[in-house]
Amino acid sequence: QVQLVESGGGLVQAGGSLRLSCAASGRTFSGYALAWFRQAPGKEREFVARISQSGGITSYADSVKGRFTISRDNSKDTVYLQMNSLEPEDTAVYYCAAGPMATTEGRAYAYWGQGTQVTVSS
């Protein structure tokens, strides 16, 4: 069992930056691939970024590529999402997830955090 707790969300103006954190507890953190997903009001949950167990492999949704960076610190059992050049379209609840494989499919992740709200004003 892995417990995930996100933090770092908030209100920011377009063009600004935020860094989300997701702290894990429970089973060995380094054994899990991690990902960030988001869900905007009235829309389905969508993949944002993923990172392999070692951190050596990452990938991003086209909509955030070049603006967002996912990273992890296995010594702190934490995964991060650095978000730069934020746009109003990035407004959503952001969730971190942990699972055995770093995929873009939410169904592959067994553990989820409660989410943190990110609101980008124009």
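Please read these numbers as outputs of a predicted model, since none were measured by experiment.
- Residue pairs meeting the ring pair (Phe, Tyr, Trp, His ring centres under 6.0 Å) criterion with at least one partner in residues 45-71, sequence neighbours excluded, are Phe37-Phe47.
- Cluster note: Ile57 groups with no other residue, as no ILVMFWY side-chain heavy atom lies under 4.5 Å from it.
- Put simply, the side chain of Thr78 gets close to the backbone of Lys76: a donor and an acceptor are under 3.5 Å apart.
- With sequence neighbours left out, Thr119 forms a side-chain hydrogen bond (donor to acceptor under 3.5 Å, both in side chains) with Gln117.
- Looking only at side-chain heavy atoms (C-beta outward), Arg72 and Leu34 come within less than 4.5 Å of each other.
- Side-chain contact between Val79 and Leu4: absent, with no pair of heavy atoms (C-beta onward) separated by less than 4.5 Å.
- With sequence neighbours excluded, the residues that form a salt bridge (charged side-chain N to carboxylate O under 4.0 Å, His left out) with Arg67 are Glu87, Asp90.
- Looking at residues two or more places apart in sequence or on another chain, you find no ring pair (Phe, Tyr, Trp, His ring centres under 6.0 Å) involving Tyr80.
- Residue pairs that meet the disulfide bond (SG atoms under 2.5 Å apart) test with at least one member in residues 42-101, sequence neighbours left out, are Cys22-Cys96.
- In this structure a side-chain-to-backbone donor-acceptor pair under 3.5 Å is present from Ser54 to Gly56.
- With contacts defined as side-chain heavy-atom distances shorter than 4.5 Å, the pair Val118/Thr91 does not qualify.
- Partners of Gln3 under the side-chain hydrogen bond (donor to acceptor under 3.5 Å, both in side chains) rule, at least two apart in sequence or in another chain, are Ser25.
- Evaluation of the side-chain hydrogen bond (donor to acceptor under 3.5 Å, both in side chains) test over residues 12-23, restricted to residues two or more places apart or in two chains, returns Ser17-Asn84.
- Side-chain contact between Leu20 and Thr116 is present, with at least one heavy-atom pair separated by less than 4.5 Å.
- Rounding to the nearest 0.5 Å places CG of Leu18 at 4.5 Å from CE of Met83.
- Judged by distance alone, with hydrogens and angles left aside, the side-chain atoms of Arg45 form no donor-acceptor pair with the main-chain N or O of Tyr95 at under 3.5 Å.
- Here Glu46 pairs with Arg38 under the salt bridge (charged side-chain N to carboxylate O under 4.0 Å, His left out) rule; sequence neighbours left out.
- The nearest pair of heavy atoms linking Pro100 to Ala108 is CD-O, 3.7 Å.
- Heavy atoms only, all atoms of each residue included: Asp73 and Phe29 are closest at O-CE2, 4.1 Å.
- Under the side-chain hydrogen bond (donor to acceptor under 3.5 Å, both in side chains) criterion, no residue pair touches residues 101-111, with sequence neighbours excluded.
- Of all non-hydrogen atoms in Ala33 and Ala102, the two that sit nearest each other are CB-N, 3.3 Å.
- Between the OG atom in Ser52 and the CD1 atom in Ile70 there is a gap of 9.5 Å [rounded to 0.5 Å].
- Residues Trp112 and Trp36 do not share a hydrophobic cluster, clusters being chains of Ile/Leu/Val/Met/Phe/Trp/Tyr side chains in contact below 4.5 Å.
- Identified under the disulfide bond (SG atoms under 2.5 Å apart) test for residues 39-76, with sequence neighbours left out: none.
- Side-chain atoms of Glu6 come within 3.5 Å of backbone atoms of Gly115 as a donor-acceptor pair (strictly under, hydrogens ignored).
- Listed by chain and residue number, nothing satisfies the side-chain hydrogen bond (donor to acceptor under 3.5 Å, both in side chains) test with Lys43 (two or more places apart in sequence, or in another chain).
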